[in-house]
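To start, the structure under review is shown below, and the notes come after it.
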Number of protein chains: 2
Amino acid sequence: MNFSEHKNIFLQIRDWMVDQILTGKLLPGDKIPSVRELAADIEVNRNTVMRSYALMEEEGILENKRGIGFFVSLDAKSTLLNIQRKEFFTETLPPILHQIQVLRLDSTDLKSLLAVIHFNDNKHEEEQ
Amino acid sequence: MNFSEHKNIFLQIRDWMVDQILTGKLLPGDKIPSVRELAADIEVNRNTVMRSYALMEEEGILENKRGIGFFVSLDAKSTLLNIQRKEFFTETLPPILHQIQVLRLDSTDLKSLLAVIHFNDNKHEEEQ
DNA sequence: GTTAGTGTCATAATACACTATGACACTAAT
DNA sequence: ATTAGTGTCATAGTGTATTATGACACTAAC
């Protein structure tokens, strides 16, 4: 894992795990790496991983079976969609809008962004 | 100023100052608040403001006259446009694209975003 | 029951951002 | 020259994320 200097490690671990769940690489009910195992893998302290897992348990996206390990909770995906969407609209998007305005970025600059949005539009049409 | 928990204060001070310059609230050549004055205003230590000013001086957006104070450098705006645009495309945008993809956000969800982009499109047309 | 694998808790050490404060050099105004 | 306002540097203290380690309770497998 590549850690950014500017964000706490235990939060970056959560972000990474959340992404694994939302992209379907981790499925509801799956056992996730043990605290010690993940800590060794990404070369971080046990306590740091523990803090991350405890946070996700509090958020209801992980469940803990004593003596066995942590598992992705059954409703993790819908719970996460709610949490992440809310955070996106209240925390992430506003400063981005402001940046785009200040930097005067137009359709040409942001064609990759527009492409992703319209790709999602089509996906939703297909699902109907 | 409202400080976020998750980002260093001296960086947030820079962000705020950068925004003042890019939005034209601070003009090239303007004297900015003294280290002590700003520190008192936003209730932060002198050294923290100093660190922020020193960073911006290094970036070439502030200039220092000994015994007098800090001033917005004459080419601050174009320098900043380069720095901030580059950072936006390399650091900010990629994770946003990924989030939009994962959260399946479409044109309806992001109509405010599209509005800002198209507003900039029109601005550019008018300038020709 | 022994062993190996889980999570959990407690303690101490390190690193760094931020604070608090004092002292000094420079500049402008009187 | 004195004063007040600048930036600058040094020192020490605080809070917190992270590390390093050890010890303990629980579970599964043998």
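Residue numbers start from 1 in every chain, and the chains themselves are labelled A, B, ... in the order their sequence lines are given, proteins ahead of strands. Computed over heavy atoms, backbone and side chain alike; hydrogens, waters and symmetry mates excluded.
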[X] has an atom [atom1]; how far is it from atom [atom2] of [N], in whole Å?
X       : N      : atom1 : atom2 : result
A/Arg36 : D/dA25 : CZ    : C1'   : 12 Å
A/Arg46 : C/dG5  : CZ    : P     : 14 Å
A/Glu5  : C/dC16 : CD    : P     : 10 Å
B/Glu37 : D/dA4  : CD    : P     : 17 Å
A/Leu11 : D/dT16 : CG    : P     : 15 Å
A/Leu38 : C/dT6  : CG    : C1'   : 14 Å
A/Phe3  : D/dA17 : CZ    : C1'   : 13 Å
A/His6  : D/dA17 : NE2   : P     : 17 Å

| said: Taking B/Val49 as the starting point, is it possible to reach B/Phe10 by hopping between hydrophobic residues whose side chains are less than 4.5 Å apart? | reply: no
| Residues within residues 62-75 of chain A bordering DNA chain D, heavy-atom distance below 4.0 Å |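 Those residues whose heavy atoms fall under 4.0 Å from DNA chain D, taken from residues 62-75 of chain A in numerical order, are A/Arg66, A/Gly67, A/Ile68.
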| said: Is A/Ser34 close enough to C/dG5 that one of its side-chain N or O atoms is under 4.0 Å from OP1 or OP2 there? | reply: no
| request: Report yes if a side-chain nitrogen or oxygen of A/Arg51 is closer than 4.0 Å to either non-bridging phosphate oxygen (OP1 or OP2) of D/dA17; otherwise report no. | output: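 Looking at the OP1 and OP2 atoms of D/dA17, one of them is under 4.0 Å from a side-chain N or O of A/Arg51.
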Among [options], the nucleotide that comes nearest once only the side chain of [X] is considered:
X       : options                : result
A/Tyr53 : D/dT6, C/dG7, C/dT21   : C/dG7
B/Phe10 : C/dC18, D/dT18, C/dT19 : C/dC18
B/Ile9  : C/dG7, D/dG7, C/dT19   : C/dT19
B/Asn45 : C/dA23, C/dT19, D/dG7  : C/dT19
B/Thr48 : D/dT21, C/dT21, C/dC18 : C/dC18
A/Asn47 : D/dG7, C/dT6, C/dA10   : C/dA10

| Has A/Phe119 got more than 12 heavy atoms of other residues, nucleotides or ligands less than 6.0 Å from its CZ? | no
| message | A quick test of your reading: do over 12 heavy atoms of other residues, nucleotides or ligands sit less than 6.0 Å from NE2 of A/His124? | response | yes
| remark: Assign each of B/Lys31 and A/Lys7 the nucleotide of DNA chain D bearing its closest heavy atom; nearer the 5' end lies the nucleotide of B/Lys31
| task | For B/Glu59 and B/Arg14, run salt bridge (Lys or Arg N to Asp or Glu O under 4.0 Å): C-alpha distance rounded to whole Å, both residues' side-chain angles, the deciding distance at 0.1 Å, then the answer. | result | CA-CA 11 Å; B/Glu59 293 182 309; B/Arg14 175 200 174 275; 2.8 Å; yes
| Could A/Lys65 and A/Phe70 be counted as a cation-pi pair, given that NZ or CZ must be under 6.0 Å from the ring centre and within 45° of the axis? |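 Not flagged: A/Lys65 not positioned over aromatic ring of A/Phe70.
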| field | Pair B/His98-A/Asp19, side-chain donor/acceptor within less than 3.5 Å | value | yes
| Derivation and outcome, salt bridge (Lys or Arg N to Asp or Glu O under 4.0 Å), residues B/Lys7 and B/Asp15 | CA-CA 11 Å; B/Lys7 193 170 182 182; B/Asp15 287 345; 2.7 Å; yes
